[in-house]
Amino acid sequence: MPTLEEQLLDVKIRAPEEFSAAADAAALENARVKYLGRRGILPELMKQLGATPPGDRGRLGKLANEAKAAVQIAFDARQKALESHQTSAAEALFDATLPGRRRAVGRLHPLTQTMERVVSIFQQLGFTIAEGPEIEDEWHCFDALNTPADHPARDLQDTLYLKDGRLLRTQTSTVQIRIMETHPPPIRIVAPGRVFRRDEVDATHSACFTQIEGLYVNENVSVADLKGTLDFFFRELLGPETKTRFRPHFFPYTEPSFEIDFSAASLGIKNKEWLEIAGCGMVDPNVFKSVGYDPERYTGFAFGMGVERIAMILHGIDDIRLFYQNDLRFLRQF
Ligand code: DAH
């Protein structure tokens with residue numbers, strides 16, 4: 001029978017050996033229970049200390065404590081080694097040559113991009129952005145814009161009315177009125193926004209689309225200012241070679257009124273020499289009267305254009321419905 005001293009020295013060597021040999025966490029746990037567990041070898045040996053002769057007790061007690069500390073340190077070290085081995089196994093699975101997981105990056109809708117481009121050109125000329133409500137009344141959409149009571153645009157066929165007599169605005173020209181009603185001249189604004197019409201939906205018509213309206217009011221504003229401003233705008237938007245043509249037209253709220261065509265050749269568009277792009281004119285004196293401006297003192301010009309149409313021309317898009325379908329195959333191209 002080995003002495004207590006021999007047994008302690010033995011454990012101090014064997015336990016670390018067994019811990020090192022443990023291939024995984026389960027084997028290590030078994031070894032731990034064997035040596036350090038409540039009924040394990042070391043605690044059993046410690047119990048025997050009490051039965052040793054008092055002369056040996058100090059020396060053996062010290063030896064027992066050293067053995068216990070050494071065994072514990074060996075266990076901790078092996079446990080750490082096994083854990084780090086596990087993570088390095090996971091690291092071995094990591095393949096730096098695999099493609100990474102890309103974060104999907106969003107972007108602005110092509111209509112928003114077009115609108116921002118149009119607005120930024122007018123901002124260069126000192127225009128600021130104005131906005132108005134999509135639900136309007138007949139005053140702001142028609143009466144104040146000098147549109148007679150029997151004008152076809154007011155017809156149920158063309159305009160979406162609410163039960164209470166209000167309506168969804170059919171044009172952003174409403175914003176002209178709202179701004180002039182609340183601000184004295186000079187005025188220099190662009191008003192982007194959605195408008196609504198009872199249109200049969202097809203490749204070039206939508207019941208809801210986007211317009212940009214412009215208004216400049218001051219003393220001594222002339223048709224030359226109108227032409228100069230819009231010429232500059234279309235050259236900035238479509239390229240320096242772009243030519244514009246102002247064709248006489250009629251709008252209730254301007255006199256004279258024009259439709260603007262631009263030269264399609266500048267965009268490489270074949271078969272057509274001119275493409276219609278916007279409406280404009282000198283603000284009708286009746287419009288000034290309805291907002292309380294003095295038409296003898298002030299003159300101004302106004303214009304309006306469809307953002308979808310501009311985006312379609314710029315990008316060669318042939319169906320307006322693509323803007324509203326949220327098909328990523330379409331949207332990702334912009
Ligand atoms: N409101 C017109 C439309 O919806 C566009 C327009 C034409 C606006 C002439 C104007 C303008 O302010 O002066 O087609």
Side-chain angles (χ1 to χ4, degrees), residues 115 118-119 122 127 129-132 134 136 138-148 151-155 157-160 167-181 187-199 204-218 221-231 233-234 244-262 275-288 290-291 293 295 298-310 312-313 320:
M115 191 136 92
V118 170
V119 167
F122 283 109
F127 285 76
I129 299 176
E131 285 182 306
E134 292 174 349
E136 264 296 2
E138 288 208 72
W139 168 255
H140 290 96
C141 200
F142 298 124
D143 297 290
L145 285 161
N146 195 38
T147 309
H151 192 281
R154 297 198 187 214
D155 209 305
Q157 306 278 312
D158 290 317
T159 301
L160 291 152
L167 49 82
L168 299 183
R169 66 177 178 192
T170 57
Q171 53 187 6
T172 44
S173 307
T174 52
V175 183
Q176 293 183 20
I177 303 303
R178 289 193 172 268
I179 292 296
M180 288 191 286
E181 279 175 337
I187 301 282
R188 192 157 43 174
I189 52 138
V190 279
R194 288 194 297 178
V195 300
F196 307 85
R197 291 181 192 179
R198 278 184 85 133
D199 261 335
T204 53
H205 294 87
S206 169
C208 166
F209 61 102
T210 320
Q211 281 190 334
I212 292 199
E213 181 85 8
L215 174 70
Y216 176 49
V217 181
N218 209 338
V221 180
S222 72
V223 177
D225 298 310
L226 164 64
K227 285 197 77 176
T229 302
L230 291 176
D231 268 347
F233 167 72
F234 285 112
T244 52
R245 179 172 82 171
F246 290 70
R247 222 171 352 93
H249 196 73
F250 174 80
F251 296 104
Y253 27 87
T254 42
E255 181 59 35
S257 303
F258 310 94
E259 276 190 330
I260 310 173
D261 303 333
F262 73 95
L275 281 178
E276 182 203 320
I277 187 96
C280 66
M282 300 304 293
V283 179
D284 193 290
N286 284 337
V287 173
F288 284 145
S290 49
V291 297
Y293 281 10
Y298 295 108
T299 48
F301 63 76
F303 54 88
M305 59 194 110
V307 178
E308 281 81 351
R309 190 166 160 73
I310 293 173
M312 288 169 84
I313 287 168
I320 196 173

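Whatever order the structure lists ligands and atoms in, that order sets their numbers, starting from 1. In this text the structure is predicted, and so the values were computed from the model without any measurement.
- The nearest protein atom to atom 3 (C) of ligand 1, hydrogens excluded, is given as Gln211 NE2, 3.6 Å; this is a heavy-atom distance.
- Contacts between Cys280 and ligand 1, counted as non-hydrogen atom pairs separated by less than 4.0 Å, involve the backbone only.
- Heavy-atom contacts of Arg197 reach the following atoms of ligand 1: 3 (C), 4 (O) (cutoff under 4.0 Å).
- No side-chain heavy atom of Val283 sits under 4.5 Å from any side-chain heavy atom of Tyr253.
- When Phe258, Phe122, Phe251, Tyr216 are each tested for a ring pair (Phe, Tyr, Trp, His ring centres under 6.0 Å) with Phe303, only one passes: Phe122.
- At a heavy-atom cutoff of 4.0 Å, ligand 1 is contacted by no atom of Glu255, backbone or side chain.
- Those atoms of ligand 1 with a heavy atom of Ser173 less than 4.0 angstrom away are 1 (N), 8 (C), 12 (O).
- Across Arg169, His140, Met180, a single residue satisfies side-chain contact (heavy atoms from CB on, under 4.5 Å) together with Val175, and that is Arg169.
- The shortest heavy-atom distance from Met305 to ligand 1 is not under 4.0 Å.
- You'll find the side chain of Leu230 stays beyond 4.5 Å of the side chain of Thr244, heavy atoms only.
- Looking at Thr170 next to ligand 1, no N or O pair under 3.5 Å apart turns up.
- Among all non-hydrogen protein atoms, the one lying nearest atom 12 (O) of ligand 1 is Glu213 OE2, 2.3 Å.
- Gly304 CA, 3.9 Å is the protein heavy atom nearest to atom 5 (C) of ligand 1.
- Partner of Arg194 under the salt bridge (charged side-chain N to carboxylate O under 4.0 Å, His left out) criterion, chosen from Glu308, Glu136, Glu134: Glu134.
- Remark: aromatic rings of Phe233 and Phe127 are distant, center separation not under 6.0 Å.
- Looking at Gln211, its side chain does come within 3.5 Å of a backbone N or O of Thr172 through a donor-acceptor pair.
- Any N or O atom pair closer than 3.5 Å counts here, and Phe251 shares no such pair with ligand 1.
- Numbered from 1 in the order shown, with element, the atoms of ligand 1 that lie under 4.0 Å from a heavy atom of Gln176 read 12 (O).
- The protein heavy-atom contact nearest to atom 1 (N) of ligand 1 is Tyr253 OH, 2.8 Å.
- Counting only N and O atoms by type, the side chains of Gln176 and Glu213 include a donor and acceptor under 3.5 Å apart.
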